[in-house]
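Scroll down for the structure; my scribbles are underneath it.
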There are 2 protein chains.
Amino acid sequence: MGQQKTAPENGTRESERRRTILRAAIDVFARKGYHGCRIADVAKEAGVAYGLVYHYFKNKDELLETVFETGWSGFIARARAVAESEGPLVEKVRRIADVAFEAYRVDPRAVKVLILEIARSPAGARINRQTAFVDVIRLSAQMFTHAKEAGELRPDVDPLLASALLFGSIEMGLTAFVVGLADARDAVMLERAKAQIADSFLHGVLLGGASAQAEPAKAEPVKPEPPKEEAPSDGAPLKREKAAPKARAPKRG
Amino acid sequence: MGQQKTAPENGTRESERRRTILRAAIDVFARKGYHGCRIADVAKEAGVAYGLVYHYFKNKDELLETVFETGWSGFIARARAVAESEGPLVEKVRRIADVAFEAYRVDPRAVKVLILEIARSPAGARINRQTAFVDVIRLSAQMFTHAKEAGELRPDVDPLLASALLFGSIEMGLTAFVVGLADARDAVMLERAKAQIADSFLHGVLLGGASAQAEPAKAEPVKPEPPKEEAPSDGAPLKREKAAPKARAPKRG
DNA sequence: TGGCTGGCTGATTCTTGAATCAACCAGCCG
DNA sequence: CGGCTGGTTGATTCAAGAATCAGCCAGCCA
């Protein structure tokens, strides 16, 4: 395929092979977990020889490290852009939720690995990882600090903690899908979850507060939600009630 | 120490030794992570011979499993009690946060292991674990469902998701301490964080909405909580700073 | 054509650490 | 005392799987 495969050039600088292996690693990690798989699995998934993995990556750990950097850097960049942009806090929070959910929509497996294997990787964990997670939280904490100074936040809210809570909500919301608590194949559901996360975070869940979608300050690009005549969402919640174009995506194991 | 060490009796039925090993396991897991330590480490920490660990536990996995059950069952029992009790949602949410933070205060290491190693253990994870986590969420989801029926919740809030968000907030709040983002040795800080988590979740972080402690539409019929004179949760950041008795102590109700 | 180069291969080697087990050491009972 | 029982020990065994390495092969240039 890549005609000019002569090493040196290649705009991407990242050989096709290398990318294949990385992709395979993400899939295998997502399926069996970092510790639960052997390099052999990755190689097989990628359809390459065992040794080739070592040609491109120093060792198993570097492989995970790379998966991390690849996925995380993209997310953090977008999140930072939002956090540092101008505009009302409400907007920013919504957009951050957007970024996270979009990432999930585009590549759920990668997000799963990020959430399950990396964000919470135990103490010893080399490099960034844990640090990285802390970084985003610090980053958005600044956003909250500014918002607070601008009088958008309740004065008794701690910026750092608020930041942690926002990401905690987002993460757990995503986890619900990752873990299968909610059906992730349903785009509408994702959209709804995203909206609720932002709303709950901003206005709380209690009745009587500022009504949630009160101000569509900025019209959402999509309006997948009808009048919100909430269905009797009993204990069997996040499972789309009535009919729905059951876009049956094949459950890839 | 029980003089009568003859096996059969012993009210606890759990030998002193066994408990020592379990404790050591918690500490070591918390320090180096499950995969990052060997049985030998646990044995050394406990001050017993390598083989003894296997005398009390079938294998390494059972050890983790036990750590899990031990810590988790206690938490889930308390959480369930709160969720199924009578009273306004506001109260329940606060008390659930209480339970979680109290657990942390009592045994931070154990909580760390629970959060880092078990709650998010990757896919394949045997038994409960992941399931257990899902269970609490389902459990509290019911609580939200009832609250919704009682008109305490905004109608557009999905119970299951709300539940996930609550625990997501709690977990991330705790994680902030676990990871060292915030100083966990300060009891006041913990108290403050706990309060903010409940408040933010209930009323949102925005200024202007229902003021934090504003009463929701439905007045609380019960006043089950004693004054609970808590630390003044002012706006001070997670880093304890000098006085800033910014008035407003969120004395609920 | 023949000699290079470098991506690629996979059997082989080496390490790590889980799990086993034969022996040891009380205290106890007959 | 001598034989039991059951907690305790730690060297030994063993399997898993990470990392290595001696080469293979395809394309390329002289």
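Chain identifiers are assigned alphabetically (A, B, ...) following the order of the sequence lines, protein sequences preceding nucleic acid strands; residue numbering begins at 1 within each chain.
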Check D27(A) with R31(A), please: is the shortest side-chain N to carboxylate O separation under 4.0 Å?
no

Starting at CG of L161(A), measure out to CZ of F144(A) and round the result to the nearest 0.5 Å.
10.0 Å

Give a yes/no answer on whether the side chain of H55(B) brings an N or O atom under 4.0 Å of OP1 or OP2 in dG7(D).
yes

Sugar-phosphate only, base, or nothing, as touched by Y56(A) at under 4.0 Å among non-hydrogen atoms
sugar-phosphate

In whole Å, I'd like the distance from the NZ atom of K32(B) to the C1' atom of dG17(C).
12 Å

May I ask you to evaluate whether R17(A) reaches the phosphate of dG7(C), defined as a side-chain N or O under 4.0 Å from OP1 or OP2?
no

Are there any protein N/O atoms within less than 3.5 Å of an N/O atom in nucleotides 18-20 of chain C, and if so, which ones and at what distance?
from, atom 1, to, atom 2, distance (Å)
dA18(C), OP1, K60(B), NZ, 3.2
dA18(C), OP2, I39(B), N, 2.9
dA18(C), N7, Y50(B), OH, 3.4
dA19(C), OP2, Y54(B), OH, 3.0
dA19(C), OP2, K60(B), N, 3.1
dA19(C), N7, Y50(B), OH, 3.0

So for atom CZ, which belongs to R109(B), do other residues, nucleotides or ligands contribute more than 12 heavy atoms lying within a distance under 6.0 Å?
no

Starting at NE2 of H35(B) and ending at C1' of dT16(C), how long is that distance when rounded to a whole Å?
15 Å

For atom CG of L52(B) and atom P of dA26(C), their distance in whole Å
15 Å

Give a yes or no on whether a salt bridge exists between R95(A) and D98(A), defined as a side-chain N under 4.0 angstrom from a carboxylate O.
no

Please confirm whether K60(A) makes a cation-pi placement over Y34(A), using NZ or CZ under 6.0 Å from the six-membered ring centre and within 45° of the ring normal.
yes

Spacing of F57(B) atom CZ relative to dG7(D) atom C1', expressed in whole Å:
15 Å

Within a reach of under 6.0 Å around CZ of R138(A), are more than 12 heavy atoms found that belong to other residues, nucleotides or ligands?
no

